[in-house]
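What follows is a set of notes on a single structure, which appears directly below.
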Amino acid sequence: MDIKVLKSSILSVNVPSFLIFVNEEQALAKQYIETMANTLGKAPKYYFDINAIVRDLEDNSESEASTHLNIVHDSSICSNFEKYMNYFTNNLANNQNVIILLPSIDKRTEFYKKYKNYFVIFEKLDKYTLLAYALKLCKKNKCSINQESLLDFIEKCDCDLGIILNELDKIFILGQENSNVVFDYMQNNGFSDYRKINVYNFINRVLDFDLNTLKDMYKVDDSPVGILTLLYNNARKRLVDSGNNKYVRVMMVCNRVCQGIVDATIDSKYALKYALLEIFR
């Protein structure tokens, strides 16, 4: 489904019961989730195990599954799509809404070709589209920022809409019409260059078992122990939320590699690469 078609469906209060969001541009996908939730009058509820949402939807005593907009972070649907797609496309009740969130999709796969009408792909926005959007936000907030500086700022944010929105909010909250001075100060005094990598986004993609993170690991310049600790903690949270044992293995790998760095049996230079290869093995 094209994004424009989805927008039209939401405006006409005809929200589809089931969709698959490919959230390459996570902030944009989040905006649509929030708009859909407001239109439906349902709060979003997040799952990290696709089997858990199926159980809740099938359990008549689980009323929350019908009164929430259910968001599922679980890429396992890609490898067993016939089983799940048959359920989501044929067995959802009229008052049930489900969105599957995927970090990426290969359009050559049978999964995509067969069910492409359910896919909404939020592609990364180019810097000029982001510039136009940022200028619109600036105008809305009665904030004047030099266009050339704004474009440089967008590039430093790695053309990531979520980061751009967070950083612009810091300017807007001051309520100054001419914000060039404040903006220049931010740019020249410790503003982070996000073009390296967004660590939290990287960790979430690892926990979504997105193989593309293997290409990005060389951009990570944080301490491997720090990265592995964050990965361990986030895997533990997902385990508690979902009960899915696949996160136990992630925790075990992180713990073992961190211990190896401490006792010098694993070279910290290769620790993250080794850990990721073990997780994706």
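Note that the numbering runs from 1 along the sequence shown for the chain.
The same ILVMFWY cluster, assembled from side-chain heavy atoms under 4.5 Å apart, contains both I261 and M252. Linking Ile, Leu, Val, Met, Phe, Trp and Tyr residues whenever their side-chain heavy atoms come within less than 4.5 Å places F280 and V253 in a single cluster. Taken together through direct or relayed side-chain contacts under 4.5 Å among Ile, Leu, Val, Met, Phe, Trp and Tyr, Y270 and L277 form parts of separate hydrophobic clusters. Each of V262 and L230 belongs to its own hydrophobic cluster when Ile, Leu, Val, Met, Phe, Trp and Tyr are linked at side-chain heavy-atom distances under 4.5 angstrom.
The structure places CD1 of I203 at 8.5 Å from CG of L228, a figure rounded to the nearest 0.5 Å. Atoms CG and SG, on L150 and C138 in that order, are 5.5 Å from each other to the nearest 0.5 Å. N234 contributes atom CG, which lies 11.5 Å from atom CZ of R236 (distance to the nearest 0.5 angstrom). Taking CG of L211 as the reference point, atom CZ of F209 lies at 10.5 Å (rounded to 0.5 Å). Here L165 contributes atom CG and E167 contributes atom CD; the two are 10.5 Å apart, rounded to the nearest 0.5 Å. Between the CG atom in D74 and the CG atom in L102 there is a gap of 9.0 Å [rounded to 0.5 Å].
Residues Y87 and E82 bring no donor and acceptor atom of their side chains to less than 3.5 Å of each other. Inspection of the D152 and S149 side chains reveals no N or O donor paired with an N or O acceptor under 3.5 Å.
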Worked check of side-chain hydrogen bond (donor to acceptor under 3.5 Å, both in side chains) between T129 and D126: CA-CA 5 Å; T129 300; D126 66 81; 2.8 Å; yes

Full working for side chain to side chain contact (heavy atoms under 4.5 Å, CB included) between I154 and C159: CA-CA 5 Å; I154 288 168; C159 293; 4.1 Å; yes

Side chain to side chain contact (heavy atoms under 4.5 Å, CB included) evaluation trace for K7 with T35: CA-CA 9 Å; K7 184 176 182 180; T35 303; over 6 Å; no

Full working for side chain to side chain contact (heavy atoms under 4.5 Å, CB included) between I3 and Y32: CA-CA 9 Å; I3 294 177; Y32 272 81; 3.2 Å; yes

Verdict with reasoning, K4 to D2, per salt bridge (Lys or Arg N to Asp or Glu O under 4.0 Å): CA-CA 5 Å; K4 292 180 180 178; D2 186 82; 5.8 Å; no

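Formation of a donor-acceptor pair under 3.5 Å by the N38 side chain with backbone atoms of E34 is found in this model. N244 places no side-chain N or O within 3.5 Å of a backbone atom of L239 that could act as its donor or acceptor partner. With hydrogens and angles disregarded, no donor-acceptor distance shorter than 3.5 Å links the side chain of D158 to the backbone of D160.
Taking every heavy atom of both residues into account, I10 and M36 meet most closely at CD1-CG, 3.5 Å. Here the closest non-hydrogen pair linking K127 and E155 is NZ-OE2, 2.9 Å. Summarising the geometry of M1 relative to P16, their closest heavy-atom pair is CE-CG, 3.9 Å, with the distance given to 0.1 Å. Across all their heavy atoms, T213 and D210 have their closest contact at OG1-O, 2.6 Å. For the pair L28 and L161, the tightest heavy-atom approach, listed with the atom from each and the gap, is N-CD2, 3.9 Å. The shortest non-hydrogen separation linking N23 to A29 is CB-CB, 3.6 Å.
A 4.5 Å side-chain heavy-atom check between F153 and L168 finds at least one atom pair inside the cut-off. When side chains are defined from C-beta on, I227 does not count as touching T229, because their heavy atoms never get closer than 4.5 Å. A 4.5 Å side-chain heavy-atom check between F18 and I99 finds every atom pair outside the cut-off. Residues I100 and F21 are not in side-chain contact: their nearest non-hydrogen atoms beyond the backbone lie 4.5 Å or more apart. The closest side-chain heavy-atom distance from I33 to L101 is below 4.5 Å. For the pair I279/L231, a side-chain contact is recorded, criterion being any heavy-atom separation below 4.5 Å from C-beta on. N97 is listed as a side-chain neighbour of K42, based on a closest heavy-atom distance under 4.5 Å. Between N245 and V248 there is a side-chain heavy-atom pair separated by less than 4.5 Å.
For K83, the salt bridge (charged side-chain N to carboxylate O under 4.0 Å, His left out) criterion is met by no residue, not counting sequence neighbours. Residues passing the side chain to side chain contact (heavy atoms under 4.5 Å, CB included) test with A43 are H68, sequence neighbours excluded. Applying the side chain to side chain contact (heavy atoms under 4.5 Å, CB included) test to D208 and every residue at least two apart in sequence or in another chain returns H73, S75, P103, R238. A search for side chain to side chain contact (heavy atoms under 4.5 Å, CB included) contacts involving E24 returns V22, I121, E123, K124, not counting sequence neighbours. For F119, the ring-ring contact (aromatic ring centres under 6.0 Å, His included) partners are F111, Y112, not counting sequence neighbours.
Tested against V72 for a side chain to side chain contact (heavy atoms under 4.5 Å, CB included), the candidates I50, D49, V54 yield a single pass: I50.
Taking the six-membered ring for Trp and the full ring otherwise, F48 and Y247 have centroids separated by 6.0 Å or more.
The stretch residues 248-268 participates, sequence neighbours left out, in these salt bridge (charged side-chain N to carboxylate O under 4.0 Å, His left out) pairs: R256-E278.
Between Y84 and F88, the ring-plane angle classifies as parallel under the 30° and 60° cut-offs.
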